[in-house]
Peer 1: 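Sharing a structure here in structure tokens format.
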Amino acid sequence: MTYDDAIRMQNETARKVVMQDDFSQINRICGVDVAYIGDVAFCSAVVMDKNSQLVESVDSETEAKHSYVPGLLMLREAGPIFDTLEMLKSSYDLLLANGHGVLHPRKCGLACHIGVNLDKPTIGVAKSLLCGNVKPGGFVEMGGEILGYQVSSKMYISVGHKISLKTAIAILKEHGTEPLKKADINSKAQKMRKGLRT
DNA sequence: GCGACAG
DNA sequence: ATCTTGTCGC
């Protein structure tokens, strides 16, 4: 797949993103993250209940097919993430992904790509901005639209799919990002184990 | 043309 | 993301 193909795919997916709440209840939240040794991707997905109690955790080791290109993170991480989420036996109501959702040059960051393809409510959680400007109050504007929210100096969130920004903010303020933190720890632990036995 | 650039 | 020393602040 060429970069042009990927960009066309993003523009197409962007039209399918639902920026309104579309779920009955959030009982379980899944966080997914990837760590690397070169192009070997160590991915972890963690499902927790609303009280941050562990429900299930799975790990995978796959090969990253593309290098990282700003704006096209999905090319590098979507594959490993889909592979890992498929391993889960447990269901979940909300997905948390590291990276932006609609706060993206084409309004289709990694979280949108994952959310739309799995048809799951998804929130994008990023550590830094790719685009947009933070306004007083924390909302992030891009092209005259409010597309994200700055939770802290190192956390920006935006809609991935089937959830409103308002609800996304409320849920993260109430439940935090525990599944994502755990997935980060697990993916790095997995990488370290591999590093020691090679 | 130049700089900036999720993970 | 990953590499990577000392250093600033709570």
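Keep in mind it's a predicted model, so treat the numbers as computed, not measured. Just so we're on the same page: letters track the sequence lines, and every chain starts at 1.
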Peer 1: Give the rounded distance in Å between these two atoms: NE2 of A:His104 and P of B:dG7.
Peer 2: 12 Å
Peer 1: Given B:dG7, C:dT2, B:dA6, which nucleotide is nearest the side-chain atoms of A:His100?
Peer 2: B:dA6
Peer 1: Between B:dG7, C:dT2, B:dC5, spot the one nearest the side chain of A:Leu73, thanks.
Peer 2: B:dG7
Peer 1: Which part of the nucleic acid, if any, lies within reach of A:Leu72 when heavy atoms closer than 4.0 Å are counted: base, sugar-phosphate only, or nothing?
Peer 2: base
Peer 1: Taking atom C1' of C:dC3 as reference, at what distance in whole Å does atom CE of A:Met192 sit?
Peer 2: 12 Å
Peer 1: Regarding A:Gly124, tell me which of base, sugar-phosphate or nothing describes its non-hydrogen contacts under 4.0 Å with the strands shown.
Peer 2: nothing
Peer 1: To the nearest Å, how far apart are A:Ile157 CD1 and B:dA6 C1'?
Peer 2: 15 Å
Peer 1: Any chance the side chains of A:Asp21 and A:Thr167 put a donor and an acceptor closer than 3.5 Å?
Peer 2: yes
Peer 1: Describe the nucleic acid contact of A:Ile37 in one word from base, sugar-phosphate, nothing, applying a heavy-atom distance below 4.0 Å.
Peer 2: nothing
Peer 1: Side chain of A:Ser128, heavy atoms from C-beta onward: which of C:dC3, B:dG7, B:dC5 has the nearest atom to it?
Peer 2: B:dG7
Peer 1: Once you apply a heavy-atom cut-off of 4.0 Å, does A:Tyr68 come out as touching a base, just sugar-phosphate, or nothing?
Peer 2: base
Peer 1: Would a distance-only check, ignoring hydrogens and angles, find a side-chain to backbone donor-acceptor pair under 3.5 Å from A:Asp93 to A:Asn27?
Peer 2: yes
Peer 1: Quick check: closest heavy atoms across A:His104 and A:Met142, and the distance to 0.1 Å?
Peer 2: O-CE, 3.3 Å
Peer 1: Starting at CG of A:Leu110 and ending at C1' of B:dA6, how long is that distance when rounded to a whole Å?
Peer 2: 8 Å
Peer 1: Less than 3.5 Å apart, any donor N or O on the side chain of A:Ser52 or A:Glu178 sitting next to an acceptor on the other?
Peer 2: no
Peer 1: Heavy atoms under 4.0 Å, any strand shown: does A:Ala35 hit a base, just sugar-phosphate, or nothing?
Peer 2: sugar-phosphate
Peer 1: Side chains of A:Asp83 and A:Ser60: donor-acceptor distance under 3.5 Å anywhere?
Peer 2: no
Peer 1: Nearest to the side chain of A:Lys191, which nucleotide is it out of B:dG7, C:dC3, B:dA6?
Peer 2: C:dC3
Peer 1: Would you kindly give the OH-to-C1' distance between A:Tyr156 and B:dA6, to the nearest whole Å?
Peer 2: 12 Å
